[in-house]
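Beneath this line is the structure, given in structure tokens, with notes to follow.
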Amino acid sequence: MNFSKAIWRNKNLNIVLGSQLVFQLGIWFGTIGNLQFLQTHIESHVLQAFFLVIGGIIGVIIGPYAGRYIDVTSKVKVLKLVGIMRIMSVVAMLMAIYTGSIYWMILYSIGIGCSSSFFNPTIQTILPSIVNKEDLITVNAININIITLSRIFGAVLAGLLLTVAPLYVLFLIALIAYLMLYFINFFLSIPEGSPVNSKKTNTKFKEIFPIILVNHAIKVVLVISIIPLIFISGFNLFVIEVGKGQPGFMMGVLYFVEGTSILVAGIFIKRIIKRYKKHILILLFACCVMGGGTTFIVIYKHLYNSLSIWIIWFGLWDV
């Protein structure tokens, strides 16, 4: 009860968590909007997959440089920069819808991917400075739950909107929300620590690769991390294929099932890990689950039934 009162009285925390909620909902509004746009303008599945992941790839590439910039810059300034990037990205997507040009959509994807590279680390840096140390674990849990629930309900809300409104309305709502967030950032008062000396931390990105090559554990983690990304791209393509000729709400339902599976499976997986502590066996089981789900897609005649099984199993893996 005391913690709940502390949250409501903490203006900075309310703004930060509210920004996280709006940003994550905006991402899923954009995902559903992009899928709908690609259905109309692109026939090639290869190009569809490429355009869906291009923003994330660019975001990963600039990640180390974004982290360095965050270390030496005021966090409020970074959030304002992110706000401008998001607003410009949504304007680019509105131009894509108006002109039917895929190049404007690429600009949108890159802009959102880059803004994520700056936004998420900044939020993680801000939280310890605006809450008490004993409340930090709980606040981090709330932050993660916001991301997960936004993934579940954001896609459904976007799909529902597409059944009653044209595509551009989706991005107009996102634009209005991002504009409001930008001006709300001016009310943030975050205590800034001593800035990190950029000359001492001027590590080049290429210097990371020798460390990766030497450390076997890092290589294993990277490979394991890449596998879900491959399945995510495949899942997006399945959603596009199933969504052809269907209302946008159908895509939202598919993402809702996937997100719910992640949320429910996460509860059981955490208990299993604590009880048995067999991490390798759990990872192997997840691989078998994903492989079995993909096999269902290939051999099963009823696409919707097999897809629903695959989505649930994909959720188990993504935990």
Side-chain angles (χ1 to χ4, degrees), residues 26-63 85-86 88-117 151 154-155 158-159 161-163 166-172 174-175 222-223 225-259 290 293-298 303-304 306-307 310-311 314 317-318:
I27 285 178
W28 285 98
F29 271 43
T31 300
I32 298 299
N34 282 352
L35 290 171
Q36 190 78 2
F37 185 83
L38 289 171
Q39 280 186 10
T40 307
H41 296 88
I42 299 294
E43 294 293 334
S44 170
H45 291 317
V46 175
L47 289 177
Q48 288 174 352
F50 173 76
F51 292 139
L52 283 172
V53 301
I54 183 64
I57 292 173
I58 300 297
V60 169
I61 292 173
I62 72 165
M85 293 170 64
R86 291 186 297 208
M88 293 177 63
S89 299
V90 176
V91 170
M93 191 62 205
L94 290 171
M95 288 296 297
I97 296 170
Y98 179 75
T99 62
S101 172
I102 197 68
Y103 298 107
W104 284 107
M105 188 207 132
I106 294 174
L107 286 176
Y108 165 80
S109 298
I110 293 175
I112 292 297
C114 292
S115 66
S116 296
S117 296
R151 180 176 189 167
L161 279 172
L162 285 178
T163 62
L167 181 60
Y168 71 86
V169 173
L170 214 62
F171 292 96
L172 276 178
L175 179 60
L222 284 174
V223 172
S225 301
I226 290 171
I227 294 174
L229 295 177
I230 296 173
F231 283 108
I232 287 171
S233 299
F235 175 71
N236 288 331
L237 291 178
F238 276 120
V239 171
I240 292 175
E241 188 65 27
V242 172
K244 286 182 177 178
Q246 303 290 335
F249 176 68
M250 191 63 197
M251 292 185 290
V253 169
L254 295 177
Y255 281 110
F256 173 81
V257 174
E258 182 236 352
M290 252 343 287
T294 305
T295 304
F296 265 101
I297 285 289
V298 174
L303 179 62
Y304 286 101
S306 59
L307 185 61
W310 191 84
I311 292 169
F314 176 80
W317 163 269
D318 208 25

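To the nearest 0.5 Å, the span separating CG on L161 from CG on L167 amounts to 11.0 Å. The CD1 atom of I57 sits 13.0 Å away from the CD1 atom of I62 when rounded to the nearest 0.5 Å. Atoms OH and CZ, from Y168 and F37 in turn, are 15.5 Å apart once rounded to the nearest 0.5 Å. Taken to the nearest 0.5 Å, the CD1 atom of I58 stands 4.5 Å off from the CD1 atom of I54. With rounding to the nearest 0.5 angstrom, the OG1 atom of T99 is 12.5 Å from the CE atom of M105.
L47 is not listed as a side-chain neighbour of L38, based on a closest heavy-atom distance of 4.5 Å or more. Residues W104 and I97 have side chains not in contact (no heavy-atom distance under 4.5 Å, counting atoms from C-beta outward). At a threshold of 4.5 Å between non-hydrogen side-chain atoms, the residues L175 and M93 do not count as touching. The shortest distance between side-chain heavy atoms of N34 and Y108 falls below 4.5 Å.
S115 and M85 get closest at one heavy-atom pair: N-CE, 3.4 Å. Between S116 and I27, the shortest heavy-atom contact is OG-CD1, 4.0 Å. The shortest non-hydrogen separation linking F51 to I106 is CE2-CD1, 3.4 Å. Closest approach of G111 and S89 over heavy atoms only: CA-OG, 3.1 Å.
When atom types are taken as modelled, the side chain of S117 and the backbone of G59 share a donor-acceptor pair closer than 3.5 angstrom.
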